[in-house]
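Contents: one structure, followed by commentary.
Since the structure is predicted, the reported quantities are computational estimates derived from the model, not experimental observations.
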Amino acid sequence: QVQLVESGGGLVQPGGSLRLSCAASRLTFSSYAMSWYRQAPGKERELVAAITSTGGTTNYADSVKGRFTISRDNAKNTVYLQMNSLKPEDTAVYYCNAKRSWDIPYWGKGTLVTVSS
């Protein structure tokens, strides 16, 4: 079964940076589009960033454009989310998602990012 394990979350001050990683296994990683979602307390899960299977195309939520960067290393079966200029409103559990167009999505268990002074 596809397995996704997020890491890199933690406590960071406003304006700081953090890099999340998602290690994928039990899948042909290069065949999957990857994305990051987040869910804050009391809010619905929302798409943060996505990247195509080849890494050729990315897209971002308007709220993170210019601050976050999604990337992938297919040789390492890992997708990253570089988060800069973090704001308190970025506080959420961040989830890794993997999906092929014809298949169901797969989810990691999430990693908590807390932005607070």
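- Minimum heavy-atom separation, Leu86 to Arg67: CA-NH1, 3.9 Å.
- Taking the side chain as every heavy atom from C-beta outward, Lys76 and Phe29 never approach each other to under 4.5 Å.
- Residues Tyr95 and Gln39 form a side-chain contact, since some pair of their non-hydrogen atoms from C-beta on lies under 4.5 Å apart.
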Inset, instruction - Decide side chain to side chain contact (heavy atoms under 4.5 Å, CB included) for Ile70 and Trp36; before the verdict, give the C-alpha distance in whole Å, the side-chain angles of both, and the deciding distance to 0.1 Å. - result: CA-CA 8 Å; Ile70 188 170; Trp36 288 94; 3.6 Å; yes
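- Within the model, atoms OG of Ser7 and CZ of Arg19 stand 9.0 Å from one another, a figure rounded to the nearest 0.5 Å.
- Linking Ile, Leu, Val, Met, Phe, Trp and Tyr residues whenever their side-chain heavy atoms come within less than 4.5 Å places Val64 and Met34 in a single cluster.
- Looking at heavy atoms from C-beta onward, Tyr60 lies in side-chain contact with Thr58 at the 4.5 angstrom threshold.
- Residues Ile51 and Val79 are in side-chain contact: their nearest non-hydrogen atoms beyond the backbone lie under 4.5 Å apart.
- At least one side-chain heavy atom of Val48 sits under 4.5 Å from a side-chain heavy atom of Tyr94.
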Legend entry - Residue pair Ser21, Glu6: steps toward the side chain to side chain contact (heavy atoms under 4.5 Å, CB included) verdict: CA-CA 6 Å; Ser21 298; Glu6 302 96 336; over 6 Å; no
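- Nearest heavy atom pair, residue Leu27 against residue Ala98, reads CD1-CB, 4.4 Å.
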Below 3.5 Å, can you tabulate the donor-acceptor pairs from side chains in residues 103-117 to any protein atom, sequence neighbours excluded?
from: Asp103; atom 1: OD2; to: Tyr106; atom 2: OH; distance (Å): 3.4
from: Thr111; atom 1: OG1; to: Gly9; atom 2: N; distance (Å): 3.2

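- Counting only residues at least two apart or in different chains, salt bridge (charged side-chain N to carboxylate O under 4.0 Å, His left out) contacts with residues 43-57 comprise Arg38-Glu46.
- Asp73 and Thr78 are not linked by any side-chain donor-acceptor pair at a separation below 3.5 angstrom, with hydrogens and angles left out of the test.
- For the pair Asp90 and Phe68, the minimum side-chain heavy-atom distance is below 4.5 Å.
- In plain terms, the two heavy atoms of Asn77 and Asn74 that are nearest each other are OD1-O, 3.1 Å.
- Listed by first and then second residue, the disulfide bond (SG atoms under 2.5 Å apart) pairs that reach into residues 69-117 are Cys22-Cys96, sequence neighbours excluded.
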Inset, instruction - Tell me, with the steps shown, if Leu47 and Ser35 meet side chain to side chain contact (heavy atoms under 4.5 Å, CB included). - result: CA-CA 8 Å; Leu47 176 66; Ser35 60; 3.8 Å; yes
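- For the pair Lys87 and Pro14, the minimum side-chain heavy-atom distance is 4.5 Å or more.
- One N or O on the side chain of Arg72 and one on the backbone of Thr52 form a donor-acceptor pair closer than 3.5 Å.
- Criterion: ILVMFWY side-chain heavy atoms under 4.5 Å apart, direct or through other members. Under it, Leu18 and Tyr37 are not part of a common hydrophobic cluster.
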Inset, instruction - Evaluate the side chain to side chain contact (heavy atoms under 4.5 Å, CB included) criterion for residues Tyr32 and Ser30: first the C-alpha distance (whole Å), next the side-chain angles of each, then the deciding distance (0.1 Å), finally the verdict. - result: CA-CA 6 Å; Tyr32 286 78; Ser30 60; over 6 Å; no
